[in-house]
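Below is one structure, written out as C-alpha cells, with a few remarks after it.
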Amino acid sequence: MIPPIANRFVAGESPAEALDHVRTVNQRDVNVIVNLLGEHYDDRAPASDDAAEYRSLIEDIANADLDACISVKPSQLGLDLGEDVFREELEDIVATAADRGVFVWVDMEDHTTTDATLDAYEELAREYYGGDGGGETDSSSDPWADGGVGVCVQANLKRTREDIERLADVPGKVRFVKGAYDEPADVAYTNSQRVNEEYEALLEYAFEHFEDGVAVGSHDPAMIERAIELHEEYGTEFEIQMLMGVREDAQYDLAEEHEVWQYVPYGGRWKSYFYRRVMERKENLWFALRAIIGR
C-alpha cells in the first residue's frame, strides 16, 4: 500500500492501477503520460524488464483505446551501461509504439545525459517518422494519431537554446520544462528569475519555429498564460503537461479549452522516486508540500 502522502503523486504499483487512473482522468478530458518508475540501473536485466513492461503497456493502451502515451527515462533503459544498450532498448519500444499508434516521450535527466538522449531521439524520430511530422496519417486532424516520439529539454541548462535550434526540423515533439536537477553553475542557470526568463525565450522560439507542436511542461500559471498568448500569435499547436497530484483542479479547468496531459508515474519503486525527488532539492520539498495543501 502506498501511503497517502505519496499516492497523491503515484498511481499505484501495477499497470492495472495506472490504467485505472488513466480511465478516471480521461473522463475529465485530461490525457495521460504513463511512466514506469525506475532509473540508473547497473545491470542489463532490470533495464530489459522495464522495456518489456513498456511494450506490454503500449499494447494495453492501444487495445483499450485510451487517451494515453508513455514516457521513459534513458538511465532506466540502460544508459549507465552504455549508449548502445539504451538505444537498443529504446528502439524496441519505439518500434512497438509506432506499430500500435502510441506516442513515446523520452525524459531528460541530468546534464551528463543530454547528448546521448538527443542523439537517440533525433535518430529514431527521423527513422520512424520520416519528415512529415507525425507518422503516416493524412486524414486525421491529429498529426500524432499514428504515434510519434518526443523529447524533453530543460530551460535551466545554458546549452538548451542551441539544442532547440537543432531540434526545430526533427519530426517529433519537444517538451519544455524549467529543470528539476541540481546542476552545477558552469552548465546551468541557478537563479530562478533567470530560468523563468530563459523558459519564456525558449517558448517564443518554439512557437515561432516549430511545426509539430509544443509541449509546455509547467505548473506556473504565468508560463501557461504566456504559452496561450504565443499560440494565439503564431497559431502553433500546443499542449500543457502537469504532474499527477499537482494543481489537478487547474488541469481540469484548462482541459475545457486546451489539450492537457497529466504525467503519471507508477510502479514498485515509488518510495525511492518520491523521496529522491522531494529531497534532492529544497525547492522540490516545498513544491510537494504546496501541492499537498492545495497551493
Side-chain angles (χ1 to χ4, degrees), residues 33 71 73 105-115 117-118 121-122 150-170 172-243 246-247 250-251 253-254 257-263 277-291 295:
I33 304 168
S71 194
K73 285 184 168 55
W105 283 101
V106 184
D107 287 341
M108 188 64 73
E109 297 179 277
D110 70 78
H111 75 281
T112 64
T113 70
T114 304
D115 284 324
T117 302
L118 293 183
Y121 159 71
E122 181 173 3
V151 73
C152 178
V153 297
Q154 302 173 105
N156 65 333
L157 294 185
K158 297 176 181 179
R159 60 173 290 168
T160 300
R161 287 211 193 195
E162 291 186 5
D163 288 335
I164 65 169
E165 292 176 6
R166 161 191 175 181
L167 298 175
D169 71 341
V170 175
K173 195 181 292 185
V174 177
R175 173 200 299 153
F176 291 83
V177 301
K178 292 183 182 180
Y181 293 89
D182 191 12
E183 304 282 17
D186 60 327
V187 300
Y189 303 112
T190 57
N191 177 274
S192 60
Q193 181 58 39
R194 183 68 180 84
V195 173
N196 285 340
E197 293 170 358
E198 196 65 17
Y199 192 89
E200 284 197 59
L202 294 171
L203 283 184
E204 180 144 19
Y205 180 91
F207 274 90
E208 183 177 359
H209 295 95
F210 284 21
E211 297 181 357
D212 294 328
V214 178
V216 182
S218 178
H219 304 94
D220 186 339
M223 297 304 166
I224 294 170
E225 183 60 35
R226 181 59 181 145
I228 293 170
E229 293 172 354
L230 290 167
H231 165 69
E232 293 172 349
E233 180 177 355
Y234 293 105
T236 306
E237 294 301 317
F238 79 109
E239 62 192 57
I240 300 162
Q241 298 184 0
M242 293 183 172
L243 294 171
V246 182
R247 299 191 67 220
Q251 294 179 35
D253 290 343
L254 286 164
E257 297 185 36
H258 306 286
E259 183 177 349
V260 175
W261 290 78
Q262 185 180 103
Y263 188 100
R277 290 298 170 261
V278 168
M279 300 307 295
E280 66 187 359
R281 297 177 70 205
K282 65 180 184 298
E283 291 89 345
N284 291 352
L285 174 60
W286 293 116
F287 185 73
L289 291 174
R290 287 197 301 269
R295 294 185 179 180

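The two residues His219 and Ile224 make their nearest non-hydrogen contact at C-CD1, 4.4 Å. Among all heavy-atom pairs drawn from Leu157 and Ala188, the shortest one is CD2-CB, 4.1 Å. Taking all atoms of both residues into account, the shortest heavy-atom contact from Met108 to Thr113 is SD-OG1, 4.3 Å. Between Tyr189 and Ala155, the shortest heavy-atom contact is CD1-O, 3.8 Å.
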Exercise for review: Give the C-alpha distance, both sets of side-chain angles, the deciding distance and a yes or no for side-chain contact (heavy atoms from CB on, under 4.5 Å) between Asp220 and Lys178.
Suggested key: CA-CA 10 Å; Asp220 186 339; Lys178 292 183 182 180; 2.8 Å; yes
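For Asp110, the side chain to side chain donor-acceptor pair (under 3.5 Å) partners at least two apart in sequence or on another chain are Thr112. By the side chain to side chain contact (heavy atoms under 4.5 Å, CB included) test, Glu237 is found to be paired with His231, residues two or more places apart in sequence or in another chain being considered. Scanning for side chain to side chain contact (heavy atoms under 4.5 Å, CB included) contacts around Asp253 gives Glu256, with sequence neighbours left out. For Gln251, the side chain to side chain donor-acceptor pair (under 3.5 Å) partners are Gln262, not counting sequence neighbours. Partners of Asp186 by side chain to side chain contact (heavy atoms under 4.5 Å, CB included), not counting sequence neighbours, listed by chain and number: Pro184. With sequence neighbours left out, the ring-ring contact (aromatic ring centres under 6.0 Å, His included) criterion links Phe207 to Phe238. The salt bridge (Lys or Arg N to Asp or Glu O under 4.0 Å) check on Glu204 picks up Arg226, with sequence neighbours excluded. Applying the side chain to side chain donor-acceptor pair (under 3.5 Å) test to Gln154 and every residue at least two apart in sequence or in another chain returns nothing. Residues forming a side chain to side chain contact (heavy atoms under 4.5 Å, CB included) with Glu257 (at least two apart in sequence, or on another chain): none. Trp105 pairs by the ring-ring contact (aromatic ring centres under 6.0 Å, His included) definition with Phe103, not counting sequence neighbours. Contacts of His111 classified as side chain to side chain donor-acceptor pair (under 3.5 Å), with partners at least two apart in sequence or in another chain: Glu183.
Side-chain contact between Thr236 and Leu230: absent, with no pair of heavy atoms (C-beta onward) separated by less than 4.5 Å. With a 4.5 Å cut-off on side-chain heavy atoms, Tyr263 and Asp107 count as touching. By the 4.5 Å heavy-atom criterion applied to side chains, Phe210 and Ile164 are counted as neighbours. The shortest distance between side-chain heavy atoms of Phe176 and Val216 does not fall below 4.5 Å. Counting only heavy atoms from C-beta outward, the side chains of Met242 and Leu254 approach each other to under 4.5 Å.
Atom OG of Ser218 and atom CZ of Arg247 lie 8.5 Å apart (nearest 0.5 Å). With rounding to the nearest 0.5 Å, the separation of CH2 in Trp261 from CD in Gln241 is 8.0 Å. With rounding to the nearest 0.5 angstrom, the CD atom of Glu197 is 9.5 Å from the OG atom of Ser192. A distance of 13.0 Å separates OH in Tyr205 from OG1 in Thr160, rounded to the nearest 0.5 Å.
Among Ile240, Leu203, Val174, Leu202, the one residue that satisfies the side chain to side chain contact (heavy atoms under 4.5 Å, CB included) test with Val214 is Leu203.
Sorted by first and then second residue, the salt bridge (charged side-chain N to carboxylate O under 4.0 Å, His left out) pairs involving residues 151-163 (not counting sequence neighbours) are Asp115-Arg159, Arg159-Asp163, Arg161-Glu198.
In Glu211, the CD atom is not crowded: 12 or fewer heavy atoms of neighbouring residues, nucleotides or ligands sit closer than 6.0 Å.
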